[in-house]
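Nothing here was measured: the structure is a model prediction, and the numbers come from that model. In what follows, every heavy atom counts, from backbone to side chain, and hydrogens, waters and symmetry copies are set aside.
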Amino acid sequence: NLGSPLQAIFIPRNTNVFLMEPILPPQIQTLDAELLSLVKEFREHPDAKPFLNDPKYNDFFCVRFLRARKFIVEDAVAMFVARMKWRKEVGADKIFETFPKNMYYEKLVNYWPGSQHWENPLQTKDGSVLLFEALGKCDPSMIDSIGIENLVQFHIWSMENLERIWFKTMAEKGYWPGFVMIEDLSGIGMHTFSPQVLKVVQKIVEINQNYYPDMLRKAYVLNVPSVFYMFWKGISVWLEARTLAKLEMLNGGAEQIKDKLDEIISPDQLPVRLLGNNPRDIPEGGPVGETPVKLRTKSKAGWIDVPRSGSHEAVYSFEAGETVSWEFKTKFYDIGFSVNYLGAKKDKKEEVVPAQRYEAFKRVISGSIDIKETGFYQFFWDNTFSWTRGKTVKFNIYKGEEVI
């Protein structure tokens, strides 16, 4: 028996190891006097108080932040306030209205091999909410075809779904029983761990830990391939100790721990894939399918030359609340792309869509954003990394369905 999930880095190849003592951590159904005293101090802190008027932010909600910051009230308040400011910045409160308008919404919901958006999730025997995911079924090329920003927005939408379950369950039970996740990594290989994939993983870990703390009770990770351990040491650095302590890893599948799963989950609450008898399961994932090689609409500007070590920009003014999308491709070679907010007077430059290099000669690259601040936005194609080759790009920028 290994003492810590961190030691999973050193698990010998082809060794089946499952860390399951105890099978599940106990649920916290009541708060003792000492904890309630910390909650009171948290609630009365002048920085936190303005945000805590909503009754859904109950004592258990406050405890999530206290626990995440080792019950140091000042640190917990700082984390909570940062979360509330972040929510405003990314539009989390309106994401159930805005993200369904995203051009990739239907595709991601029907494709993503996970249960985060199930309306009536399955449960463990003691009432924890079950989550299922199979990241090995995801096609890494979706980062190019869908874009990091759209994937991050989808993740925030998914986390808002989970937090909605948190509030609903709290209202019904009076305490939070926790999420229990079963993650399947079969299909993960060297091709999975591109720099772009790792960039997305790091962003998702940051969002989960900083803004949606302490909802997970336990995560069981199945079919961990040997190649995963080559990258685990780097990935684990992004995870806090409290998260690492909730992870259990197995080099084999559900059959290796069927007796353990039977102890905590009834067969009718497990998909057939995991040796249960429930026909419900997550989407199959797989290749993302045909990727567009032509722009949806003929480009108004036509082909534009971007010189070696040079760049090209297109700047437009938009009003808050508008939906803006783009598409572009190159004749040959890759090119960098980003979207930046320049302010109402073009006196600033704030990153809206992070800079990323795309193999836009293989497929059309597209994406969209909901405008949060009125002003000028810069669409920027970057070739400064290439000292020897100029690039040729054509693009369309859309406001709603209209090319501008």
Side-chain angles (χ1 to χ4, degrees), residues 25-99 116 128-129 131 152-153 155-179 202-219 238-246 320 350-352 370 372-373:
Q27 296 172 339
I28 299 175
Q29 299 186 11
T30 57
L31 304 179
D32 61 28
E34 184 178 0
L35 200 47
L36 287 171
S37 175
L38 291 173
V39 168
K40 182 179 180 182
E41 188 179 345
F42 180 97
R43 285 188 170 282
E44 292 177 353
H45 194 287
D47 291 343
K49 200 169 185 178
F51 297 105
L52 292 169
N53 294 324
D54 193 323
K56 72 179 181 181
Y57 296 144
N58 60 17
D59 290 350
F60 278 87
F61 179 84
C62 298
V63 167
R64 286 170 53 187
F65 294 87
L66 287 164
R67 189 176 290 117
R69 289 298 176 260
K70 301 179 180 178
F71 301 99
I72 300 172
V73 173
E74 284 290 337
D75 293 349
V77 168
M79 183 186 191
F80 170 64
V81 171
R83 166 203 154 96
M84 301 307 286
K85 290 179 179 178
W86 171 84
R87 292 183 64 81
K88 185 175 181 180
E89 290 170 5
V90 302
D93 289 328
K94 296 182 178 179
I95 203 160
F96 289 123
E97 301 170 26
T98 59
F99 188 67
Q116 293 89 331
S128 284
V129 177
L131 298 176
V152 169
Q153 284 293 305
H155 181 71
I156 295 172
W157 176 83
S158 297
M159 293 305 296
E160 285 296 298
N161 269 302
L162 297 188
E163 194 151 78
R164 181 181 275 182
I165 292 172
W166 191 94
F167 288 121
K168 181 175 182 287
T169 306
M170 276 296 315
E172 292 171 351
K173 293 179 178 286
Y175 69 94
W176 171 239
F179 287 118
Q202 185 176 14
K203 184 68 176 176
I204 285 173
V205 168
E206 175 190 318
I207 288 171
N208 290 0
Q209 292 189 147
N210 292 343
Y211 309 125
Y212 300 94
D214 211 58
M215 293 198 291
L216 183 68
R217 185 182 182 190
K218 197 75 173 176
W238 302 332
L239 298 170
E240 296 179 0
R242 63 192 173 86
T243 303
L244 286 166
K246 298 174 183 179
E350 298 175 357
E351 191 176 67
V352 178
D370 295 310
K372 296 181 175 61
E373 294 184 76

Query raised in the report: Salt-bridged, Arg83 to Glu163, with N to O below 4.0 Å?
Result: yes
Report task. Apply ring pair (Phe, Tyr, Trp, His ring centres under 6.0 Å) to Tyr211 and list each qualifying residue two or more places apart in sequence or on a separate chain. Result -> Trp86
Requested in this report: Report the distance from atom CG of Leu35 to atom CZ of Arg67, rounding to the nearest 0.5 Å.
Outcome: 7.0 Å
Report summary line: Between the CG atom in Asn161 and the CD1 atom in Ile156, the distance rounded to the nearest 0.5 Å is 12.5 Å
Requested in this report: Taking all heavy atoms of Ser158 and all of Gln116, pick out the closest pair and write down the distance.
Outcome: CB-CB, 4.0 Å
Report summary line: Rounded to the nearest 0.5 Å, the CG atom of Asp32 sits from the OG atom of Ser37 at a distance of 10.0 Å
Report summary line: Note: Gly178 and Ser128 closest approach over all heavy atoms is O-CB, 3.2 Å
Query raised in the report: Is a side-chain donor-acceptor pair under 3.5 Å present for His45 with Glu74?
Result: yes
Requested in this report: Report yes if some heavy atom in the side chain of Phe61 is under 4.5 Å from a heavy atom in the side chain of Trp176; otherwise report no.
Outcome: no
Query - Separation of Glu373 CD from Glu350 CD (nearest 0.5 Å) - result: 6.0 Å
Report task. Dump the intermediate steps for side chain to side chain contact (heavy atoms under 4.5 Å, CB included) on Lys85 and Lys88, then the final yes or no. Result -> CA-CA 5 Å; Lys85 290 179 179 178; Lys88 185 175 181 180; 5.8 Å; no
Query raised in the report: Counting only heavy atoms not in Lys203, do more than 12 fall under 6.0 Å of its NZ?
Result: no
**Report entry** Inter-residue atom distance Gln153.CD - Thr98.OG1, 0.5 Å rounding
**Finding:** 6.5 Å
Query raised in the report: Which residue pairs pass the side chain to side chain donor-acceptor pair (under 3.5 Å) test when at least one of the two sits in residues 52-61, sequence neighbours left out?
Result: Arg43-Asp59
Query raised in the report: Should we count CD of Glu34 as having more than 12 external heavy atoms under 6.0 Å?
Result: no
Query - Close side-chain approach of Phe51 to Val81, heavy-atom, < 4.5 Å - result: yes
Report task. From the options Lys246, Gln209, Arg64, select the one residue that forms a side chain to side chain donor-acceptor pair (under 3.5 Å) with Asp214. Result -> Lys246
Query - Parallel, tilted or perpendicular: rings of Trp157 and Phe99 (30°, 60°) - result: tilted
Report summary line: dist Met159:CE -> Asn208:CG (nearest 0.5 Å) comes out at 4.0 Å
Query raised in the report: Less than 4.5 Å apart, any side-chain heavy atom of Leu162 and any of Tyr212?
Result: no
Query raised in the report: Yes or no on side chain to side chain contact (heavy atoms under 4.5 Å, CB included) for Ile204 and Val152, after CA distance, side-chain angles and deciding distance?
Result: CA-CA 7 Å; Ile204 285 173; Val152 169; 5.6 Å; no
Query raised in the report: Above 12 or not: heavy atoms from other molecules or residues under 6.0 Å from NZ of Lys173?
Result: yes
Report task. Decide salt bridge (charged side-chain N to carboxylate O under 4.0 Å, His left out) for Lys168 and Glu172; before the verdict, give the C-alpha distance in whole Å, the side-chain angles of both, and the deciding distance to 0.1 Å. Result -> CA-CA 6 Å; Lys168 181 175 182 287; Glu172 292 171 351; 2.9 Å; yes
Report task. Show your working on side chain to side chain contact (heavy atoms under 4.5 Å, CB included) between Phe60 and Leu31 and close with a plain yes or no. Result -> CA-CA 8 Å; Phe60 278 87; Leu31 304 179; 3.9 Å; yes
Query - Side-chain ion pair, Arg164 and Glu160, N-O less than 4.0 Å - result: no
